[in-house]
Novice: 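This is the structure, below, for whatever I ask next.
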Amino acid sequence: MRRSGKSKAEVEKETGSTIGAYDASFDVYKGEIFVIIGLSGSGKSTILRGINGLNELTEGKVYLGNDLVSEMPIKQLRAVRRRKIGMVFQHFGLLPHRTVLDNIAFGLEIEGVPVADRKKKAEETLPEVGLEGQGHKLITELSGGMKQRVGLARALATEQEILLMDEPFSALDALIRRDMQNLFLSIQGEAKRTVVFVTHDLDEALTLGHRVAIMKDGEIVQLGTPEYILREPANEYVERFVEGVDYAKVRLAESVMVKAKEVAYTNEGPTVVLRRMRQAGLSHIFVLDNERRLVGLCEAEEVARLAERDKRELRDAVDEAPKVGRRTPLREVLPLFVGDGEAPVAVVGGGERLEGLIVRGALIAGLTTSVEPHDEETEDFSGVDTDEDGDRVRVRRAGE
Ligand SMILES: Nc1ncnc2c1ncn2[C@@H]1O[C@H](COP(=O)(O)OP(=O)(O)OP(=O)(O)O)[C@@H](O)[C@H]1O
Ligand SMILES: [Mg+2]
């Protein structure tokens, strides 16, 4: 019915059956992070689960290299899932009453790795995800972010070369989420697994994806590099999806903020503060009152001058701090970097409490996309029209 032109909604109305995914063909290259993005119900999980055979296909094929995964006998398919294709779910399916180490080792257990080896491997993975010394803890004792790390570690500990990740970070708040994305990217940078990553967060898709497929109603409406998708939205749907992803406008302060390494308090003396700044290698430090409300910003030189003059109070070194809210667009953050731009900008929340800070380098990185659109890097999902100058002007779906 879909092929004869009926929409997903019409098919559903007439038959009571849903089209999970339709005509959604794509290749994933070795070592690539391939992102599938789309609104809720667009078919992302359906496809992901089709790749490793958790969803049986009614039509179409899935190849792993030359092997036809979609037609493997179940025994062979299970072996492929154990050894080659790992899956990370949104809530990771951790075993709550087992320890962190046992949970990490669990993936290996399924792979059939002997006890001693999997213990060792699990131990080795702990520091990679920042859980050193936490191996003995029970899952119930961990924060959300720590659980997420355990889940990631579990997937990373295995030797599976392909990882299917279904919204692995979506339960996390923006800050931890960015930490996890960075962690994932740095580990992936070394491991070079092939990853199919599902998300409904555009920022996440553009940050992580080498290529991104945008889905709507079970179909892929565009596929290409982040740059390509932003520059050449295939149709109105994609356009609306990426609408105004002018980073300066759409990206918010929280997307580039980091936690303050150190802060100073109004009741502290210059010598103490200076020492802390030196230890942390800071040129500036934010000053808070006892309730963590932002009071101002100190520069190391000024603090040192007070310390030399044996002043007891920090007050004379405190300048007004440039500050924004979490949801302030980057466009409005940029002008706050004045002069040499070394001073950070504070991100404050309710009651002027310091939530984080932005340094200029991170801001610039957040404002620019690094990828230049070369033809090799852009993949046209189906057809591309060009105008007289050879510029791409429109992308068509096959058959249109
Ligand atoms: N087990 C199921 N039985 C019937 N219909 C299903 C089942 N799983 C998914 N669907 C339907 O298939 C379509 C695609 O769902 P899918 O779970 O793939 O979406 P999704 O893009 O992963 O959404 P989300 O972002 O909410 O996870 C939806 O219309 C959904 O209602
Ligand atoms: Mg889903």
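Both ligands and their constituent atoms are indexed starting at 1 by order of listing.
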Novice: Between the main-chain N or O of Ile85 and the side-chain N or O of Arg81, is there a donor-acceptor pair closer than 3.5 Å?
Specialist: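 Absent.
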Novice: Quick one: ligand 1 N/O to protein N/O pairs below 3.5 Å?
Specialist:
unit_1   : atom_1 : unit_2 : atom_2 : d
ligand 1 : 18 (O) : Ser45  : N      : 3.4
ligand 1 : 18 (O) : Thr46  : N      : 2.9
ligand 1 : 18 (O) : Thr46  : OG1    : 2.5
ligand 1 : 19 (O) : Gly43  : N      : 3.3
ligand 1 : 21 (O) : Ser42  : N      : 3.2
ligand 1 : 21 (O) : Ser42  : OG     : 3.4
ligand 1 : 21 (O) : Gly43  : N      : 3.0
ligand 1 : 21 (O) : Lys44  : N      : 2.9
ligand 1 : 21 (O) : Lys44  : NZ     : 2.9
ligand 1 : 22 (O) : Ser45  : N      : 2.9
ligand 1 : 22 (O) : Ser45  : OG     : 2.8
ligand 1 : 23 (O) : Gly41  : N      : 2.8
ligand 1 : 25 (O) : Lys44  : NZ     : 2.8
ligand 1 : 25 (O) : Glu167 : OE2    : 3.3
ligand 1 : 26 (O) : Ser40  : OG     : 2.5
ligand 1 : 29 (O) : Lys8   : NZ     : 3.2

Novice: Please confirm whether Phe169 and Phe197 have ring centers closer than 6.0 angstrom.
Specialist: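 Ring-ring flag for Phe169/Phe197: true, centres closer than 6.0 Å.
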Novice: Give a yes or no on this: more than 12 heavy atoms of other residues, nucleotides or ligands lie within 6.0 Å of atom CD of Gln279.
Specialist: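 Yes, because the 6.0 Å sphere around CD of Gln279 holds more than 12 heavy atoms from other groups.
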Novice: Are more than 12 heavy atoms, taken from residues, nucleotides or ligands other than Arg353, located less than 6.0 Å from that residue's CZ atom?
Specialist: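 Counting other residues, nucleotides and ligands, CZ of Arg353 exceeds 12 neighbours.
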Novice: By the side-chain hydrogen bond (donor to acceptor under 3.5 Å, both in side chains) test, which pairs, at least two apart or in different chains, include something from residues 124-142?
Specialist: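 Pairs touching residues 124-142 that pass the test: Lys120-Glu124, Gln134-Lys137.
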Novice: For Glu204 and Thr199, does a side-chain donor sit closer than 3.5 Å to a side-chain acceptor?
Specialist: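 Yes, side-chain donor-acceptor contact under 3.5 Å.
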Novice: Spell out the protein N/O/S atoms under 2.8 Å from the Mg ion (ligand 2) as residue plus atom name.
Specialist: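 Listed by chain and number: Ser45 OG.
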Novice: Any chance you could pull the hydrophobic cluster mates of Tyr63, using side-chain heavy atoms under 4.5 angstrom and chaining through other members?
Specialist: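 Members besides Tyr63, by chain and number: Leu68.
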Novice: Ring centres under 6.0 Å, that's the criterion: do Phe26 and Phe34 meet it?
Specialist: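 When the ring centroids of Phe26 and Phe34 are compared, they turn out to be within the sub-6.0 Å range.
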Novice: Minimum heavy-atom separation for Gly224 to Ile229, with atom names?
Specialist: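 For Gly224 and Ile229, the tightest heavy-atom pair comes out as O-CD1, 3.7 Å.
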